[in-house]
A.B. asks: 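Next up is a structure, given as structure tokens.
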Amino acid sequence: MSINATLFVQLGVFLVLALFTMKFVWPPIAKALDERAQKIADGLAAADKAKTELTAVNKRVEQELAQTRNETASRLADAERRAQAIIEEAKARATEEGNKIVAAARAEAEQQAVAAREALREQVAALAVKGAEQILKKEVNAGVHADLLNRLKTEL
């Protein structure tokens, strides 16, 4: 065969192969490439949307954290104020109770002092009566001389 015929046959086979490729092979490849490009674009759009949502959520989380920190600080301050008030109240109660105890102790000491004075007066009166008996060499009757003995007790 001649070179021209081979060239035309090869050109015919090439054209048939090119038409077959363009008709049956190229469309599925182009479709797959288009779908892949669409998926990539959708993925990028979803990533951008997720990034935007993440930024919004992060802002909201920061706001919530700040609000929680403020509430916590407020509650801690309230608790400290309450604790301080309770401490002050307890101190006031303790001081008041201490004052009551001191006043009661003073009153008791005063009562004991008065009782001791009375006992001492009784003893001094008894000693005075005994001394008077010794001086008079007589017995002094307490019933008869009660008025005199009472006056003596009050003077002592």
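As a basis for the values below, the full set of heavy atoms in this structure was taken, side chains included, without hydrogen atoms, waters or symmetry mates. Position 1 is the first residue of the sequence; numbering continues from there.
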A.B. asks: From Ile101 CD1 over to Glu108 CD, what is the distance, rounded to the nearest 0.5 angstrom?
C.D. replies: 12.0 Å
A.B. asks: Give a yes or no on whether a salt bridge exists between Glu96 and Lys100, defined as a side-chain N under 4.0 angstrom from a carboxylate O.
C.D. replies: yes
A.B. asks: Is there a path of hydrophobic side-chain contacts, each under 4.5 Å between heavy atoms of I/L/V/M/F/W/Y residues, joining Val57 to Leu65?
C.D. replies: yes
A.B. asks: Only counting residues at least two apart or in another chain, list the ones meeting side-chain hydrogen bond (donor to acceptor under 3.5 Å, both in side chains) with Arg81.
C.D. replies: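 Here the qualifying residues are Asp78.
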A.B. asks: Return the OG1 to CD distance between Thr95 and Glu88, rounded to the nearest 0.5 Å.
C.D. replies: 9.5 Å
A.B. asks: May I ask whether Ile29 and Phe20 are part of the same hydrophobic cluster, defined by side-chain heavy atoms of I, L, V, M, F, W, Y residues being less than 4.5 angstrom apart, directly or through others?
C.D. replies: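 Same hydrophobic cluster.
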A.B. asks: With a 4.5 Å limit on heavy-atom distance, are the side chains of Gln84 and Glu80 in contact?
C.D. replies: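 With C-beta onward as the side chain, the pair stays apart.
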A.B. asks: Is there a path of hydrophobic side-chain contacts, each under 4.5 Å between heavy atoms of I/L/V/M/F/W/Y residues, joining Phe24 to Leu33?
C.D. replies: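 Result: yes, single cluster for both.
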A.B. asks: For Gln38 and Asp42, test the side chains for any donor-to-acceptor distance below 3.5 angstrom and give the result as yes or no.
C.D. replies: yes
A.B. asks: Please report the C-alpha distance between Lys49 and Glu53 in whole Å, then the side-chain angles of each, then the deciding distance to 0.1 Å, and finally whether the side-chain contact (heavy atoms from CB on, under 4.5 Å) criterion is met.
C.D. replies: CA-CA 6 Å; Lys49 183 179 177 184; Glu53 288 177 2; 3.3 Å; yes
A.B. asks: Please check if the side chain of Thr72 supplies one atom and the backbone of Thr68 the other of a donor-acceptor pair under 3.5 Å.
C.D. replies: yes
A.B. asks: Going by side chain to side chain contact (heavy atoms under 4.5 Å, CB included), Gln67 matches just one of Arg69, Glu71, Gln63. Which one?
C.D. replies: Glu71
A.B. asks: How many angstroms lie between atom CD1 of Ile86 and atom CZ of Arg82, to the nearest 0.5 angstrom?
C.D. replies: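 The distance works out to 8.5 Å.
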